[in-house]
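Presented below is the structure to which this report refers.
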2 protein chains.
Amino acid sequence: MDAAERLVESTRELLWERGYTGTSPKAIQQRAGVGQGSMYHHFAGKPDLALAAIRRTADEMRAKAEAQFSAPGTAADRIAAYLRREREVLKGCPIGRLTQDPDVMADPVLRAPVDETLAWLRTRLAELMTEGRERGELDAALDPPTTAATVVATLQGGYVLARAADSVHPFDQAIAGVLGLLAAHVSAAPTDEGPPVPRA
Amino acid sequence: MDAAERLVESTRELLWERGYTGTSPKAIQQRAGVGQGSMYHHFAGKPDLALAAIRRTADEMRAKAEAQFSAPGTAADRIAAYLRREREVLKGCPIGRLTQDPDVMADPVLRAPVDETLAWLRTRLAELMTEGRERGELDAALDPPTTAATVVATLQGGYVLARAADSVHPFDQAIAGVLGLLAAHVSAAPTDEGPPVPRA
DNA sequence: GTCTATACGCGGATAGAC
DNA sequence: GTCTATCCGCGTATAGAC
C-alpha cells in the first residue's frame, strides 16, 4: 500500500473515531506512518484528504446496503436483513456522524457525499417498500417515503442511543421495535408460518 | 445576568453549535463578553464549564419532555404530542450530538448526564405505553421497551437526516412514519373518528 | 516523492497585579 | 472578581533541500 493509500485509510479511521474537527493532519500522518512533506505532496490539505476519505466511506456504505437490497427474497425480508446486518454499533455510523461536524456541513463539497448517501438510502428503501406493496407482500396502508425515513432514522438514532449508553442494547431494542411495528404491515399470506410473534 | 451565568449560557450555545472539541475557552469568553481571568475564577477549566452547561441542558430537556408526558389525554395522544412538538430541527439535539464527541464520551462525568437523559426518555415513553396498554388504549401486541427505543431513535435519527439534507423534511417524514406505524396499534374504540388515515 | 526547517496563530491554561 | 502577561505545545501549513 503506498503513502497516498495509507493516508486515505488513516483519515477514514480518524474521521470515524474523532470527527473532522477532532482530526489533525499530524495525527493522520502518524497513523499512516507518513511524513509531513509526503502528505502535502499527495493532498492539498486536510479538506482534500477528508473529501477522499468521505467519498470512499460513502461508496463502501452504499455498496454494502445495495448487496442486501438486491438479494433474493421478499421486500420485507430484505429490509429486515438490512436492519439486522452486523454493524460496529458502538463506533456509530461513519457517515451519519459527520452530520454533527460543523466544518463538514459548512463546506458544500464535503457535505455532498453525506447528503447523497443518506438520501439514497431513504429512496432505495422506499422503492423496496413500493415493490413489496405492488406484489401484495406489504400492506397498502404503509406509506413508503415516510416509513423509509423512519427506518433510516431508527438506525441513525440507534447508534446515538448505543453510544450514550455505551452498550449495543438500546440499538438492538430500537431495531427490534421497528421490525415489530413493520410486522403489522407484512401480509402473512405467502408464507406458511404462524402469525407474527412479538420479538424480545 | 452575572459573568458565571453568561459563561454557562455561552457554553451551552457553543456546545450545541460546534460540539465539545470544536469549542474553545476563548470562543466562550468572547461570546459571553467575559475576560480570561473571570472565566478561570468561576470555573476550573473547559471540562468544568462544559459539565455545568450539559447538566443544565439535560435538565431543561427532561422538563420539556415531562410537560408533554404528564399532560391530559390518552397515552397515544401524549406520545404523538411529544413527537410533534416544535423543535429546532436543523440545529440537532443538544444532548444527542454530544454522543459524537469522543472527549465527552471518554469522560464519565461529562458522559453521565447524556446517558441518563436518553435512558430516562426511553423509560418514560415505555411507561406511557404500558399505561396505554393497561387502559386498552394501545394494542397488547405493542412491546413498550423496544417501541420506546424506536421512538427515541427516530427522533435522534431524524435530526441526523435533517442536518444531512439541510432541510426539516426528512425529519418530518421520519416522525410521520413512526406515527403511521404506531397508529396501527391504537385502539379505535374510545374515539368517534373513522379508521386511521395514511398521513403525508 | 519524501524529509527537515520554519512560521504563526490558537488551545488551554497559570501567575500576579489591580 | 477581573485584567493583563506569559507559557508551551498543537494545528495547519509553506519552503526548499535531497
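Bear in mind that the values here come from a model prediction, so they are computed numbers and not experimental data. Note on naming: letters A, B, ... go to the chains in the order of the sequence lines (proteins, then strands), and numbering restarts at 1 for each one.
- Every residue two or more places apart in sequence or in another chain that forms a side chain to side chain contact (heavy atoms under 4.5 Å, CB included) with B:Arg135 is listed here: B:Arg78, B:Glu131, B:Glu137.
- Less than 4.0 Å separates DNA chain D from no heavy atom of any residue of residues 102-112 of chain B.
- Annotation: the span from B:Leu179 atom CG to A:Thr146 atom OG1 amounts to 9.5 Å, rounded to 0.5 Å.
- Rounded to the nearest 0.5 Å, atoms CG (B:Leu181) and OG1 (B:Thr150) are 9.5 Å apart.
- Residues that satisfy the side chain to side chain contact (heavy atoms under 4.5 Å, CB included) test with B:Asp166, not counting sequence neighbours, are A:Arg111, B:Leu90.
- A:Phe69 is listed as a side-chain neighbour of A:Leu121, based on a closest heavy-atom distance under 4.5 Å.
- Residue pairs satisfying the side chain to side chain donor-acceptor pair (under 3.5 Å) criterion with at least one member in residues 36-50 of chain A, sequence neighbours excluded, are listed as follows: A:Gln29-A:Gln36.
- Scored by the side-chain hydrogen bond (donor to acceptor under 3.5 Å, both in side chains) test, B:Asp139 finds B:His185 as partners (sequence neighbours excluded).
- Along DNA chain C, the stretch of nucleotides lying under 4.0 Å from any heavy atom of chain B spans, 5' to 3', C:dG11 to C:dT14.
- B:Arg122 pairs with exactly one of B:Val151, B:Val152, B:Thr147 by the side chain to side chain contact (heavy atoms under 4.5 Å, CB included) rule, that one being B:Val152.
- Screening residues 136-161 of chain A for ring-ring contact (aromatic ring centres under 6.0 Å, His included) gives A:Tyr159-A:Phe171 as the qualifying pairs, with residues at least two apart or on separate chains.
- Legend: residues meeting side chain to side chain contact (heavy atoms under 4.5 Å, CB included) with A:Thr123, ordered by chain and number and at least two apart, are A:Glu127.
- Judged as a salt bridge (charged side-chain N to carboxylate O under 4.0 Å, His left out), the pairs with a partner in residues 54-70 of chain B (not counting sequence neighbours) are, in order, B:Glu5-B:Arg56, B:Glu9-B:Arg56, B:Arg12-B:Glu60, B:Glu66-B:Arg124.
- Only B:Ala3, listed by number, bring a heavy atom of residues 1-8 of chain B to less than 4.0 angstrom from any atom of DNA chain D.
- Residues B:Asp107 and B:Tyr20 are not in side-chain contact: their nearest non-hydrogen atoms beyond the backbone lie 4.5 Å or more apart.
- Contact annotation: the side chain of B:Asp143 approaches that of B:Pro145 to within less than 4.5 Å [non-hydrogen atoms, C-beta and beyond].
- With rounding to the nearest 0.5 angstrom, the CG atom of A:Leu161 is 10.5 Å from the OG atom of A:Ser167.
- Just one residue in the list A:Gln156, A:Glu116, A:Met61 forms a side chain to side chain contact (heavy atoms under 4.5 Å, CB included) with A:Ile95, and that residue is A:Met61.
- Heavy-atom distances under 4.0 Å link DNA chain D to B:Ser38, B:His41, B:His42 of residues 38-47 of chain B, given in residue order.
- For DNA chain D, the residues of residues 22-35 of chain A within the heavy-atom distance limit of 4.0 Å (strictly under) are A:Thr23, A:Ser24, A:Pro25, sorted by number.
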